[in-house]
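Quick caveat: nothing in here was measured; it's all calculated off a predicted structure. Numbers for residues simply follow the sequence, beginning at 1. For the numbers below, each heavy atom of this structure counts, side chains included, while hydrogens, waters and symmetry mates do not. Start at 1 and go down the list; that is how both ligands and their atoms are numbered.
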Amino acid sequence: MHLINADLHCHSNVSDGTLTPEALAQRAHAHGVELWSLTDHDELGGQQRARDAALALGMDYLTGTEISVTFAGITVHIVGLGFDADDEALNAGLAATRSGRRERARQMAEGLAKVGITGAYEGAQRYVGNPELISRTHFARFLVESGVCADTHAVFRSYLTEGHPGFVPHGWARLGDAVRWIREAGGIAVIAHPGRYRFTPTEEYALFTEFIGHGGQAVEVMTGSHSAAEHIRYADTAIEFGLLASRGSDFHSPGESRTELGSLPDLPGRLTPVWEALQTRVQRALP
Ligand code: AMP
Ligand code: MN
Ligand code: MN
Ligand code: MN
């Protein structure tokens, strides 16, 4: 059976990617993507542009976003796919989730100033494409530009993660709220890159069971953040919990992202792709 090349996770400059939605659509298409979704963090501002560009290129489209959630004190990302982008409750929930980012960024800059890195708020601002969506990634790009670190991964390791000077704990949306916003807008909620979270096995089990209890239906099995072993491990998790499976590169920027759009291995044949349950939500390019 031919599995379509679906890439249902990536970021434009409407959040913390560097390409416009249009340039990203072109890049996805050039790399063979047949079904695409732009999933900017906590934000739908790029959806119309992404959809129009995708359909013009002959690529099918699903609406998307990646919601920041705090679960058991840890930040978890929930991807939403195939929802109605005009849904009021979803838009209000995302606006509330975005609202603390500016103040958090000021505090991050204060933390960095204490270790001698000055001007980080203004520096990060230069990389921001959307004033409501300043993220750690924009700080990372500024610190690379300033020569503090060789690449953005090194910045996260030494400055922007827990226990380091630029890290500021933040309360994001609640898991149940994020799943409900997506579902009630007609979409499917997906646990993004589960291998990235530092949960104990008990906490991870609680994440999956509570997610399902709230109506979550899918897990990202194939993602640029997973190792080959994690691809297998979370394929098993999808089966164990009866979840649909998703595939997405989490592409942010040429040169920064390890995984190119459309280039992950196919989902293992034993899994049910999330897009099979979203057939009526796909916005199709005309033949
Ligand atoms: P924020 O929403 O401001 O907390 O920023 C989270 C974003 O930072 C993620 O979506 C990734 O794009 C990026 N990120 C997180 N951890 C790392 C890492 N270790 N290396 C590179 N980028 C990272
Ligand atoms: Mn990101
Ligand atoms: Mn993420
Ligand atoms: Mn992402």
Do [X] and [Y] sit within salt-bridge range, that is, some charged N less than 4.0 Å from a carboxylate O?
X	Y	answer
E145	R126	yes
D87	R183	no
E260	R27	yes

Please report, to 10°, the angle around the Mn ion (ligand 3) from atom OE2 (E66) across to atom ND1 (H77). 80°
Just give me the atom name: the N, O or S atom of [X] closest to the Mn ion (ligand 2).
X	answer
D16	OD2
H252	NE2
H41	NE2

Under 30°, 30 to 60°, or over 60°: which ring-plane class applies to H41 and H11, parallel, tilted or perpendicular? parallel
Test item: T223 side-chain N/O and S225 main-chain N/O as donor-acceptor pair under 3.5 Å: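 Answer holds: yes.
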Hey, could you give me the CZ/CG distance between R281 and L62, rounded to the nearest 0.5 Å?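 Answer rounded to 0.5 Å: 9.0 Å.
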For a distance under 2.8 Å, tell me if H193 has an N/O/S atom near the Mn ion (ligand 4). no
Hey, is there an N, O or S on H11 sitting under 2.8 Å from the Mn ion (ligand 4)? yes
What N/O/S atom of D250 gets nearest to the Mn ion (ligand 4)? OD1
